[in-house]
Amino acid sequence: MSRGVVLERPDDLPSWFEPLLSRVAECRSEDFSVLRKPAGTNGRSSAVLVLLGESADGPDLLILQRAATMRNHAGQPAFPGGATDPEDADAIATALREADEEVGLDPSSAEALALLPELWIPVSRFTVNPVLAWWRHPHPVRPRQLTEVAHVARLPISELADPANRIRVRHPSGWIGPAFQVRGLLVWGFTAGVISVLLDMAGWARPWEPGRVVDLPDAEAPVPAARGGAPDEVVP
């Protein structure tokens, strides 16, 4: 079992970041996923950046959409991130490096605040370390690796929490999980599961009726592990 760890509490942290940051220290891996890494399994380490910033629309979350031509996770929205490289000092270094490579994020503009519990992704045999960070100095970002990233978006928390934008999706395997339809993106799977839990932890979630279920259009999409166009530029 893995637990969350708070790393920093800056004095000038926006008030909306609480109670999320306090709750992170209490959360466990089972709050996010029902799957456990089998004993003796050597999964590959990876990290994703859960980057919260603020714009004219209020607090928001940075999300990218994978290119439709990718062999794995084609067209799927995700947090910036990827596999750990030997030269990476830790999960924070991995998450910031990947965000720089994928969308041009200046690592100095973001401040890592906490590590969420490690999560196991059996379909890829990855151990994922989500890094919760504050985008202290937002700046324009855009896809840098066009073969991997098709689109970048800053999704307002208010729109993610809007009951009108929350649905469930059904995988061909029968798996049903949370999803969000926001600004032309269908966010589902691991990413949606993490977002759903964070909305609840932060007190941002609004009551909604999880009745509507949408079938995933891609029958080859991998089963998620979590519960729960043209190149563009996203500006603050």
Side-chain angles (χ1 to χ4, degrees), residues 4 6 9-10 12-24 26-27 31-32 48-66 76-81 95 99 103 105 109-114 116 130-143 149-169 177-214 224 226-229 232-236:
V6 175
R9 286 183 179 274
D12 57 344
L13 190 69
S15 59
W16 52 260
F17 235 110
E18 291 291 352
L20 176 59
L21 197 56
S22 295
R23 292 289 304 278
V24 165
E26 305 169 0
C27 69
D31 293 327
F32 292 85
V48 296
L49 188 66
V50 184
L51 185 61
L52 289 166
E54 188 169 10
S55 68
D57 295 318
D60 57 29
L61 181 64
L62 185 68
I63 293 290
L64 59 81
Q65 184 175 27
R66 299 294 180 192
Q76 188 172 346
F79 301 117
V103 303
L105 178 80
S109 71
E111 185 169 352
L113 302 180
L116 301 181
V131 177
L132 179 65
W134 172 31
W135 203 358
R136 180 187 282 273
H137 301 295
H139 61 84
V141 290
R142 66 186 302 274
V149 180
H151 180 70
V152 187
R154 294 180 65 176
L155 303 182
I157 295 299
S158 61
E159 295 183 23
L160 289 166
D162 187 339
N165 296 331
R166 302 196 65 170
I167 62 171
R168 293 188 298 163
V169 293
F180 303 84
Q181 289 182 316
V182 178
R183 302 200 173 191
L185 294 176
L186 173 62
V187 184
W188 65 281
F190 172 86
T191 305
V194 171
I195 293 173
S196 180
V197 174
L198 293 181
L199 291 177
D200 289 337
M201 289 174 56
W204 295 331
R206 294 165 54 189
W208 66 291
E209 293 295 332
R212 186 159 63 106
V213 179
V214 175
R227 293 184 192 271
D232 60 343
E233 182 173 71
V234 176
V235 298

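All values below were derived from every heavy atom in this structure, side-chain atoms included, with hydrogens, water molecules and symmetry-related copies excluded.
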| task | Search all heavy atoms of Ala112 against all heavy atoms of Ala133 and return the closest pair with its distance. | result | CA-CB, 3.9 Å
| task | Could you tell me the separation between the CE atom of Met201 and the OG atom of Ser196, rounded to the nearest 0.5 Å? | result | 11.5 Å
| Do Leu185 and His151 come close enough that some side-chain heavy atom pair is under 4.5 Å? | yes
| Do Ile195 and Leu61 touch side chain to side chain, with heavy atoms closer than 4.5 Å? | yes
| request: Would you mind reporting whether Leu52 and Leu62 have side-chain heavy atoms less than 4.5 Å apart? | output: no
| query | Distance from Trp204 atom CH2 to Leu20 atom CG, nearest 0.5 Å? | reply | 5.0 Å
| message | Using the side-chain contact (heavy atoms from CB on, under 4.5 Å) criterion, which residues pair with Glu111? Sequence neighbours excluded. | response | Glu8, Pro10, Leu113, Trp134, Arg136
| task | List the steps and the verdict of side chain to side chain contact (heavy atoms under 4.5 Å, CB included) for Leu105 and Leu49. | result | CA-CA 11 Å; Leu105 178 80; Leu49 188 66; 3.6 Å; yes
| message | Just so I know, are the side chains of Arg9 and Leu21 near enough to count as touching, which here means a heavy-atom distance under 4.5 Å? | response | yes
| remark: Nearest heavy-atom contact between Pro19 and Ala202 is CD-O, 3.3 Å
| request: Would you give the length of the straight line joining atom CG of Leu155 to atom CZ of Phe180, rounded to the nearest 0.5 angstrom? | output: 10.0 Å
| said: Would Leu198 and Leu116 count as a side chain to side chain contact (heavy atoms under 4.5 Å, CB included) here? Give the steps. | reply: CA-CA 10 Å; Leu198 293 181; Leu116 301 181; 4.2 Å; yes
| request: Run the numbers on Glu54 and Trp16 for side-chain hydrogen bond (donor to acceptor under 3.5 Å, both in side chains), then give the verdict. | output: CA-CA 10 Å; Glu54 188 169 10; Trp16 52 260; 2.9 Å; yes
| request: Measure the shortest side-chain to side-chain distance between Ile157 and Leu199 over non-hydrogen atoms and say whether it is less than 4.5 angstrom. | output: yes
| task | Not counting sequence neighbours, list each pair that qualifies as a side chain to side chain donor-acceptor pair (under 3.5 Å) and has a residue in residues 156-165. | result | Glu159-Arg183
| query | Taking all non-hydrogen atoms of both residues, which atom of Trp135 and which atom of Ser109 are closest, and how far apart? | reply | NE1-OG, 3.0 Å
| request: List in chain and number order the residues that pass salt bridge (charged side-chain N to carboxylate O under 4.0 Å, His left out) with Arg168, two or more places apart in sequence or in another chain; answer none if no residue qualifies. | output: none
| message | What I'd like to find out is whether the side chain of Thr191 reaches to under 4.5 Å of the side chain of Pro77, using heavy atoms alone. | response | no
| query | Please, which pairs that meet salt bridge (Lys or Arg N to Asp or Glu O under 4.0 Å) have at least one residue in residues 184-197, sequence neighbours excluded? | reply | none
| request: Please name all residues satisfying salt bridge (charged side-chain N to carboxylate O under 4.0 Å, His left out) with Arg23, sequence neighbours left out, ordered by chain then number. | output: Glu26
| message | If you compare all heavy atoms of Pro163 against all heavy atoms of Pro207, which two are closest, and at what distance to 0.1 Å? | response | CG-O, 3.3 Å
| query | For the residue pair Ala205 and Arg166, what are the closest heavy atoms and their distance? | reply | CB-NH1, 4.2 Å
| field | Note, Val152 side chain near Val141 side chain (heavy atom, < 4.5 Å) | value | yes
| query | Does Arg212 have any side-chain contact (heavy atoms from CB on, under 4.5 Å) partners at least two apart in sequence or in another chain, and if so, which? | reply | Ile167, Gln181, Val214
| field | Verdict with reasoning, Val131 to Val48, per side chain to side chain contact (heavy atoms under 4.5 Å, CB included) | value | CA-CA 6 Å; Val131 177; Val48 296; over 6 Å; no
| Val169 vs Val213, side chain to side chain contact (heavy atoms under 4.5 Å, CB included): CA-CA, chis, key distance, verdict | CA-CA 5 Å; Val169 293; Val213 179; over 6 Å; no
